[in-house]
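Data block below; observations after.
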2 protein chains.
Amino acid sequence: MSTASRALSRPDLVASETRSRVLEAVQRLGFHVNPAARALTSGKTGLVAMCVPTLSNPFFAPIIAGAQQAAEAADRHLTVVVTEGSARREAEVLTRLSGQVDGFIIVAPRGGDADLLEFGATTPAVIAERVVPGLTSVIIDTPAGLRDLTGMLKADGHRRVAYLSGPEGSWMDRLRCDALRESLGPNGELIVIGPLPPTFRAGAEAVQGILDRRATAVVAYNSLLALGAVYQLHNVGVRVPEQISVASADDLAALGLGAPEITTLRFDPAGLGAAAMEALMRLIDGRPPAVPHTRIPAALQLGSTTGRPATDV
Amino acid sequence: MSTASRALSRPDLVASETRSRVLEAVQRLGFHVNPAARALTSGKTGLVAMCVPTLSNPFFAPIIAGAQQAAEAADRHLTVVVTEGSARREAEVLTRLSGQVDGFIIVAPRGGDADLLEFGATTPAVIAERVVPGLTSVIIDTPAGLRDLTGMLKADGHRRVAYLSGPEGSWMDRLRCDALRESLGPNGELIVIGPLPPTFRAGAEAVQGILDRRATAVVAYNSLLALGAVYQLHNVGVRVPEQISVASADDLAALGLGAPEITTLRFDPAGLGAAAMEALMRLIDGRPPAVPHTRIPAALQLGSTTGRPATDV
DNA sequence: TTGTAGGCGTTATCAC
DNA sequence: GTGATAACGCCTACAA
């Protein structure tokens, strides 16, 4: 019966008395709308996909959680797909799923701008942690945060700064690197070590290079790298921050990586996920996004691993 | 046309020449079957859900990856749902999604046996990292691995062993704890510290209790806890393994948590995911599972953090 | 082996 | 404000 359908999908179009009778019956019978049938007529599946490069880096966990929550608040379901950081698999996944989902949030995509642009032209898509001209995007403004960090390091007298760079192919990693180099200025020197997997072990192993290159400060792509570096510095008898300062861009707060308190950028990754989802839902509904490129602020949070270098080495 | 439909869904029922003509046309037109329409008639969505407590613990990442791969090999799609370790949310998610997916893999569920059993009676479901009598389950046999570990610790002369237990409500955590206590025997003593969040920080903070209770060996729920403990022991001047041995049950290999090489259990989490998916697909197809309760072996892997205690403290 | 017809559960369109 | 009816795209008898 069509009235029942209306009572559920467009409650405003039916008399309140009828509506309540329908709802009562729905309760009593334990009725659930069939999403497949709804998708068939409406063309909308109520499904939204989020593509992430990996789940091994817990950085993405709160982003997913934020998006999932926003999706459910809008009575949609978020499905997570992992591309394993491969551009090929990313492309496969996008084509495989397009048509099954109403839209995509593509986090830190590895594909080229042109491919993404072409894809976004046919399917509602929001890019996260990367900017692609012509597509809606949401990023955490870690580059700005890193400029603040560099300012502090410079004020503390650091001039040789090592950057433990992130995974290969990361667009954001390049942006961070550029921000560091630029804000370090002509009197500073940025020593890039990497690309590195964002792991504790890689951070520990990078220490040798840091010492060899006589850096007095280290900025790591994420807290695991930073923690590994702090651990290994400790091991080889280098005191932090007296001899070397360590800071991190991505903050993996969920891992409880806080002892020692590493100087880091603090931001709201769940907010990223939620903002991306909101933008995507506007796209799906045919409304223009409120802001084409959203930036989530990243604030410098001082820890106990940075300070004025005691020696010039 | 029905021939086209057959050529795609039951290729064996159509003449090979016709079939290839259809496939050619499919290619040329870029045709994709509409999964919603297919779901409407067949009752199967091609969607399978995996419920995990959290994504912040990277332990689940390779499990998901393994299941996702197995799903795609069978031309199905895996959707991941996060319950945030809440039994209430777990129940919500299961009911919300049942009917939208063909089946569930519920990883480390928090709900009661009775609830799960009831749910499994109406929907194909496989349990992972927990055993529920009457349901198909797949677990990693860390308890057996821990018994091996205890054997080694005892042989090394350890008698007071601290267990840094895992997140509250974890069924597997209880099982591990029991295995440790039992295999430690009447001459040993198991000191349980926790429940603890599976984080670096919690591991570091647990060190005080370990020292207070005069344990000579520590077994941690996962490598992050173990690493935090090693770090803090180091900090307070306790040498590992000379004074205290440290080992871990869950191995977070993906985090590159390997420096120092912590003694740990090595297993194949992707295999867990794949095995669960295969069992689930049998269930969905109405075939009985090959084995009702699958156990993935966990092998003791010696690192540099365990050894004979130099002092009896 | 292939074509035809009916129905899956929902929504939109149209009369009432 | 409400009830009928025709799609939506696919699958599955059944008939040819």
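Proteins come first, then strands; the chains are lettered A, B, ... in the order of their sequence lines, and each starts at number 1. The structure presented is a predicted model; accordingly, all values stated were derived computationally and were not measured.
The nearest whole Å value for the distance from the CG atom in A/Asp12 to the P atom in D/dT2 is 12 Å. Look at CZ on A/Arg19: it is 10 Å from P on D/dG1, rounded to the nearest Å. As a whole-Å value, the separation of A/Leu13 CG from C/dT11 C1' is 12 Å.
Separating the CG atom in B/Leu47 from the CG atom in A/Leu47 is a distance of 6.0 Å, to the nearest 0.5 Å. Taking CD from B/Glu92 and CZ from B/Arg89, the interatomic distance works out to 7.0 Å, rounded to the nearest 0.5 Å.
More than 12 heavy atoms of other shown residues, nucleotides or ligands fall within 6.0 angstrom of atom CG in A/Asp12.
Put simply, the side chain of A/Arg282 gets close to the backbone of A/Pro288: a donor and an acceptor are under 3.5 Å apart. Not one N or O on the side chain of A/Glu90 forms a donor-acceptor pair closer than 3.5 Å with the backbone of A/Cys51. In terms of modelled atom types and a separation under 3.5 Å, the side chain of A/Asp141 and the main chain of A/Pro297 share no donor-acceptor contact.
Looking at heavy atoms from C-beta onward, B/Ser137 lies out of side-chain contact with B/Val132 at the 4.5 angstrom threshold. Residues A/Asp250 and A/Arg176 are in side-chain contact: their nearest non-hydrogen atoms beyond the backbone lie under 4.5 Å apart.
The rotation axes computed at either terminus of the helix from C/dT1-D/dA16 to C/dC16-D/dG1 lie 40° apart, taking five pairs at each end and rounding to 10 degrees.
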Q: Mark up nucleotides 8-16 of chain D, 5' to 3', with B wherever a protein heavy atom is under 4.0 angstrom from a base atom, S wherever such an atom reaches only the sugar-phosphate, and - elsewhere.
A: BBBBBB---
